[in-house]
Peer 1: 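First the structure, then my questions, so here it is.
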Amino acid sequence: MFTNRKLQYSLAINEALHQMMESDPSVFLIGQGVKSPWYVGNTAQGLLERFGVERVIDTPVSENAMTGAAVGAAISGMKPVVVHPRIDFMLYAFDPIINEAANWCYMNGGKASVPVVIWGIINRGGEQAAQHSQALQALFAHIPGLKVVMPSTPYDAKGLMIAAIKDDNPVVYIDDRWLHTLEGEVPEEVYEVAIGKAVIRREGKDVTMAATSYMVHNAMRAAEELARDGISGEVLDIRTVKPLDKQLLLASVKKTGRLVVADGGWKTCGIAAEILAIVLEEAFGYIKSPVVRVTLPDVPAPASSALEKVYYPDSGSIVQAVKKVLSS
Amino acid sequence: MKRYPKNFLRKLYKTMIRMRFCEESLVEPILNGEVGCPVHLYSGEEAIAAGICASLKETDYIFGNHRSHGHFLAKGGSMNELAAEIYCKETGCSRGRGGSMHLIDPDVGMLGSAPIVAGTISLALGAALAASIRKDNRVVVSFFGDGATGEGVLYESLNFSALKKLPIVFACENNLYATHMPIQECRVRNNIYKIGEPFCIESHEIDGNDVLQVYEAGREAIDKCRKGEGPVFLEFLTYRFRGHVGPDDNIQGTHTDIRPKEEMESWLKKDPIKRFERYLLSNNMLDEQVLDIITQEAEKEVITAHSFAKNSPFPDKKELNRYVYKQEASV
Ligand SMILES: Cc1ncc(C[n+]2csc(CCOP(=O)(O)OP(=O)(O)O)c2C)c(N)n1
Ligand SMILES: [Mg+2]
């Protein structure tokens, strides 16, 4: 039955965790702050009460070992979700994520799998400065053996969390605090959003705006604004940054012939750069004008709100980029 | 009873009062939104920074963490620049790029602070290594909280510092909590100072709310390091009077301060400043008039610092990328 139920993004994650922990006793949640809304908002609400301290594990400040423990538990048959309430803190866990989890299956000839979800929350703005603002999707997308998902809607937040938990491989699940209060339709039943599939959020014919995570919403606002000027923009939500859905990306670009890529990470060697590279390699003949990236500048996050205002791109940045693409 | 020179006591008291007034003066601007960056107040823990830094030379180095206003002031950083940084202004010690959690003044040996838990411990280790390579007789103090004892890098640093006999004091401010986690949920026993022992590092547990005990322990540790007999590990038992972040942990509308009321009240009775005052007055070491003058001076300094900060300009948005690299001039 079609219910039309609305749910907040963060509660969609919460529901995925509840349902997966309910249906599969090998799923558990570990990480710093799982029992404190100060850390994880309401994404973990009710889990501790329902599943107990054995499966909802708040930890000392030990990201490296806790992530390694999740990876090890995955190798030995569990399905852990390890959460980092800021993706910045996850940098202490590079070794278990990259050297171990990502390589484990390959370097062991496929004899072992690592069904772990490594969940990192982007938490930026508010003058939190360089170590408390980073969007590090590109670092993880660079690594063979990892999958990286970035849901932009409540529906996908739930569906991708479920898919990530069910996946036999290490999945880096990246959400953004700026999305947490977003409301949208979320079915009550268990469902998956396929990892590796992008989606068209708005159809258009003049230009493709390929965007990730929070930037999808800026792209949607930009598309609306552009429509008032008679420009028909197509918004492609990348959803999974690795493996990237080339097919849908190329189909859209071949249709519009123009491309703006919007990602909340840095410019150099970022997700946007990768998307452009794919298009240049595989759809060069279809491109009618230079392509433009809308990203963070190659600058650490500043504290001062005066600088934050110019640091973070918004829908206006995308509108400008589209106009540039269309005028050249 | 040990007699300290009056001048020394006056200075020690002044350092603590300056910190307290500075911290408490931030409460209102945080609540009314004039200060926007995350601020971790040091109220209640002043004796540690004051007591330790009293034995450091200007050329000695310290590193801090997210709760480092006190470390910065005690090492000789300017309150004007501190306040301006907290207001994220161009005149701040980090030019408004860092905010409250990134304080630095290399001219007085404050080499930086950062909120990644345990993130600066190995940097302090490196500064001590540099001092030992250069044989420049410097001592380094690494300030960190009890939360940092969860991170492996602390143990790696302890081992290496012991192996190379580096001139570093590990100063752990144990205020019994790491954000929402009471220490008993992070460690089997509350005996942090023992972590130095397996590395053969001299280690002590100190009442961190008694500034003279802190001073004595710090002085001995720093002397040892200077003589090449370091490292030393010091655990200071203390308590924060304010929230983990902000005045009361409730600025985001979520009441996340889980500390029992009775516990807070019992620690308020151990206020390090009041304790020191009582000691000074009851032993006729300083009289009330002297304390009053110090208090008034500190009040003035704080007012000046706020108006300096408020009247300073924000960073120019055209200079967003200034300071990404050292040599890069403004665009
Ligand atoms: C690597 C890392 N993990 C987690 C955090 C989140 N965090 C901020 S402060 C803090 C606890 C700090 O506790 P402690 O070291 O005891 O210092 P206190 O705040 O008590 O002074 C944590 C876990 C962080 N900043 N860095
Ligand atoms: Mg603490």
Side-chain angles (χ1 to χ4, degrees), chain A residues 32-42 45 53 57-68 84-86 88-93 95-96 123-134 177 180 266-268 296-312, chain B residues 35-39 66 85-90 92 94-102 114-119 145-153 178-181 183 185-187 243-245 249-258 313-324:
Chain A
Q32 222 217 336
V34 295
K35 66 174 187 180
S36 171
W38 184 72
Y39 276 106
V40 294
N42 52 13
Q45 81 181 20
V53 290
I57 308 166
D58 208 328
T59 75
V61 203
S62 310
E63 290 81 2
N64 184 337
M66 295 306 104
T67 309
H84 295 274
R86 280 179 194 281
D88 316 66
F89 306 158
M90 215 157 112
L91 295 177
Y92 267 135
D95 179 68
N123 188 345
R124 58 210 163 117
E127 300 193 325
Q128 299 180 97
Q131 298 183 337
H132 278 47
S133 304
Q134 298 169 101
R177 275 282 195 148
H180 274 199
W266 287 297
K267 191 167 200 174
T268 299
L296 294 180
D298 286 326
V299 175
S304 181
S305 60
L307 296 178
E308 279 185 327
K309 277 184 202 112
V310 287
Y311 183 67
Y312 292 109
Chain B
V35 164
C37 69
V39 173
H66 55 288
E85 192 55 41
I86 296 166
Y87 280 85
C88 293
K89 297 296 183 77
E90 182 66 29
S94 301
R95 302 294 173 253
R97 297 338 189 250
S100 158
M101 304 191 290
H102 296 285
I116 291 300
V117 169
D146 49 289
T149 64
E151 301 284 12
V153 67
T179 58
H180 67 301
M181 290 287 264
I183 190 145
E185 290 183 37
C186 293
R187 306 183 60 78
H244 168 70
V245 61
D249 276 337
N250 297 331
I251 43 175
Q252 292 157 316
T254 48
H255 292 257
T256 49
D257 198 337
I258 40 89
F314 282 108
D316 184 342
K317 59 184 195 297
K318 289 202 287 296
E319 295 197 333
L320 172 66
N321 66 356
R322 190 167 181 192
Y323 309 124
V324 176

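We name chains A, B, ... by the order of the sequence lines, and we start the count at 1 in each one.
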Peer 1: Count the heavy-atom pairs under 4.5 Å between each of A:Gln32, A:Lys309, A:Arg86, A:Glu63 and chain B, then report the option with the highest count.
Peer 2: A:Glu63
Peer 1: For A:Glu308, is it the side chain, the backbone, both or neither that has a heavy atom under 4.5 Å from a heavy atom of chain B?
Peer 2: neither
Peer 1: Taking the side chain as everything from C-beta on, heavy atoms only, tell me whether A:Pro300 gets closer than 4.5 Å to B:Val324.
Peer 2: yes
Peer 1: For A:Asp58 and B:His180, work out which heavy atoms get closest and say how close.
Peer 2: OD2-NE2, 2.7 Å
Peer 1: Should A:Phe89 and B:Val117 be marked as a side-chain contact (heavy atoms from CB on, under 4.5 Å) after you check the CA-CA gap, both sets of side-chain angles, and the distance that decides it?
Peer 2: CA-CA 9 Å; A:Phe89 306 158; B:Val117 169; over 6 Å; no
Peer 1: Could you tell me if the side chain of A:Trp38 sits less than 4.5 Å from the side chain of B:His244, heavy atoms only?
Peer 2: yes
Peer 1: Counting heavy-atom pairs under 4.5 Å to chain A, which of B:Gly152, B:Cys88, B:Pro38 comes out on top?
Peer 2: B:Cys88
Peer 1: Quick check: do B:Met101 and A:Gln131 have side-chain heavy atoms less than 4.5 Å from each other?
Peer 2: no
Peer 1: Considering all heavy atoms of both residues, which atom of A:Ala129 and which atom of B:His102 are nearest to each other, and what is their separation?
Peer 2: CB-CD2, 4.0 Å
Peer 1: Using every non-hydrogen atom in the two residues, find where A:Ser62 and B:Gly150 come nearest and quote the distance to one decimal.
Peer 2: OG-O, 2.6 Å
Peer 1: What's the separation between atom OG in A:Ser304 and atom CD in B:Glu85, rounded to the nearest 0.5 Å?
Peer 2: 9.0 Å
Peer 1: How close do A:Val299 and B:Leu320 get, counting heavy atoms only, and between which atoms?
Peer 2: CG1-O, 3.7 Å
Peer 1: With sequence neighbours excluded, tell me which residues meet side-chain hydrogen bond (donor to acceptor under 3.5 Å, both in side chains) with A:Lys35.
Peer 2: B:Glu185
Peer 1: Side chains of A:Leu307 and B:Phe314: closer than 4.5 Å at any heavy-atom pair?
Peer 2: no
Peer 1: With a 4.5 Å cut-off on heavy-atom pairs, point out which of B:Gly147, B:Pro315, B:Gly119 contacts chain A the most.
Peer 2: B:Pro315
Peer 1: Do you know which two heavy atoms are closest between B:Lys317 and A:Val310, and how far apart they sit?
Peer 2: CD-CG1, 3.4 Å
Peer 1: Between B:Ser100, B:Gly99, B:Gly92, B:Pro115, who has the most heavy-atom pairs with chain A when the cutoff is under 4.5 Å?
Peer 2: B:Pro115
Peer 1: At a heavy-atom separation under 4.5 Å, does B:Ala118 approach chain A through its side chain, its backbone, both, or neither?
Peer 2: both
Peer 1: Quick one: pull up CG in A:Asp298 and CG in B:Asn321 and give me the separation to the nearest 0.5 Å.
Peer 2: 10.0 Å
Peer 1: Do A:Pro60 and B:Arg187 have side chains that approach each other closer than 4.5 Å (heavy atoms only, starting at C-beta)?
Peer 2: no
